[in-house]
Student: 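Right, I'll just put the structure down here and ask away after.
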Amino acid sequence: TLGCDPITGAPREVIHLPGNSLLPLYAGLALAVVCLALLFKVYLHAAGAAAVAVAILLRWSWENGAHPSAAPESHDLPQGLKLHSRTFDGPGLWGMGLTLLADAALFLSLVFGWMYLWTAAPAFRPPERSPLPAALLLGCGAVLTAATAWLQHLVRRLRREDERGLQWQLFGVALLGALQTTGLAWLMATAPIAPTSHAHDAVIAVMLGFLLVHGALGAVLAALQGWRVGHRYVGAHAPYEPAVLAQLWMFNTGCFWVAAAALLLWPATFAGAS
């Protein structure tokens, strides 16, 4: 179908729609098992089903975009138009943006819960100092910010049709993401918090878990992009996917620094004001 300019209606690209596949059904069944296992508190089975679901979703992602089974090269396109996976435009940009808006609502509810705890929760006794090591948290944020800036630089180079070293640089972005995720995991494992006993620690654990999951997702998808470059599904001829992925990394970076400010600066500021 034609992708048109929202103001002028002028055709900009040809949007290719997904073909027939059983992978969405398999992914849905695996996610259903995850939900049922959590409801029945069979956590080991839930973890196994979640791993299966992730594998299916990654396989589904692999067969998307400029993959030949999803968008074979066509020689009968209208003159001057390309398939959307060969441009910087397409429905995936809107899909990612709207998904992140919903995700941001969840994240902001965590931030609101944190502020409510400090300002209005009855009988709340704030700890004398933050249980989180500021140096490690800020170091993770610095690594994430550097990786996001690197990915944005790669997207700008793709806009100039420059794909030199694209694969290994995407792997480099993924490596920084893995480093940041490992740092967060270490912080969660070693921080003296008791999330099952105290609301203060529970909010910290959930917020760090949110950052950890999103950071790991960004790292995995960056590595997937690098792998796809080697198969010629991504590159100067098909620059669409890194532009979509860059939105997730910018979202992760913004959420990280909002969380860092909430966890480190808010308690210090509120304690000083009181």
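Keep in mind that the numbers below use all heavy atoms, side chains included, and drop hydrogens, waters and symmetry copies.
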Student: Is the side chain of Glu163 donor-acceptor paired with the backbone N or O of Ala236 at a distance under 3.5 Å, no angle test?
Tutor: yes
Student: CZ/Arg164 to CZ/Arg157 distance, rounded to the nearest 0.5 angstrom?
Tutor: 5.5 Å
Student: Which residue pairs pass the ring pair (Phe, Tyr, Trp, His ring centres under 6.0 Å) test when at least one of the two sits in residues 11-30, sequence neighbours left out?
Tutor: His16-His84
Student: Within the distance-only criterion (no hydrogens, no angle test), does the side chain of Arg159 pair as donor or acceptor with the backbone N or O of Phe88 below 3.5 angstrom?
Tutor: no
Student: Yes or no on side chain to side chain contact (heavy atoms under 4.5 Å, CB included) for Leu29 and Ile56, after CA distance, side-chain angles and deciding distance?
Tutor: CA-CA 10 Å; Leu29 291 174; Ile56 295 173; over 6 Å; no
Student: Measure the shortest side-chain to side-chain distance between Leu184 and Phe256 over non-hydrogen atoms and say whether it is less than 4.5 angstrom.
Tutor: yes
Student: Sub-3.5 Å donor-acceptor pair from the side chain of Trp114 to the main-chain atoms of Ala262, do we have one?
Tutor: yes
Student: For residues Leu110 and Val206, determine if any side-chain heavy atom of one lies less than 4.5 Å from a side-chain heavy atom of the other.
Tutor: yes
Student: Say you draw a straight line from CD1 of Ile193 to CG of Leu208; how long is it, rounded to the nearest 0.5 Å?
Tutor: 6.5 Å
Student: Kindly give the heavy-atom pair with the smallest separation between Ala216 and Thr181, and that separation in Å.
Tutor: N-OG1, 3.5 Å
Student: Where is the tightest heavy-atom contact between Cys255 and Phe210, given as atom of each residue plus distance?
Tutor: SG-CE2, 4.2 Å
Student: Please report the closest heavy-atom contact between Ala246 and Leu151, naming both atoms and the distance.
Tutor: CA-CD2, 3.7 Å
Student: Could you name each residue pair satisfying ring pair (Phe, Tyr, Trp, His ring centres under 6.0 Å) that touches residues 138-172, not counting sequence neighbours?
Tutor: Trp168-Phe171
Student: Are Leu211 and Val111 co-members of a hydrophobic cluster defined by side-chain heavy atoms under 4.5 Å apart?
Tutor: yes
Student: Checking Leu132 against Leu187 for the side chain to side chain contact (heavy atoms under 4.5 Å, CB included) test, could you report, in this order, the C-alpha distance in whole Å, the side-chain angles of both residues, the deciding distance, and whether it holds?
Tutor: CA-CA 7 Å; Leu132 301 179; Leu187 189 152; 3.4 Å; yes
Student: Should Tyr240 and Leu93 be marked as a side chain to side chain contact (heavy atoms under 4.5 Å, CB included) after you check the CA-CA gap, both sets of side-chain angles, and the distance that decides it?
Tutor: CA-CA 9 Å; Tyr240 174 67; Leu93 292 171; 4.3 Å; yes
Student: Do the side chain of Glu13 and the main chain of Leu83 share a donor and acceptor less than 3.5 angstrom apart?
Tutor: no
Student: If you measure from CH2 on Trp186 to CG on Leu212, what distance do you get to the nearest 0.5 Å?
Tutor: 14.5 Å
Student: Mind checking whether His214 and Phe251 have parallel, tilted or perpendicular rings, split at 30° and 60°?
Tutor: tilted
Student: Over all heavy atoms of both residues, which pair between Val143 and Leu176 is shortest? Give the atoms and the distance, please.
Tutor: CG1-O, 3.3 Å
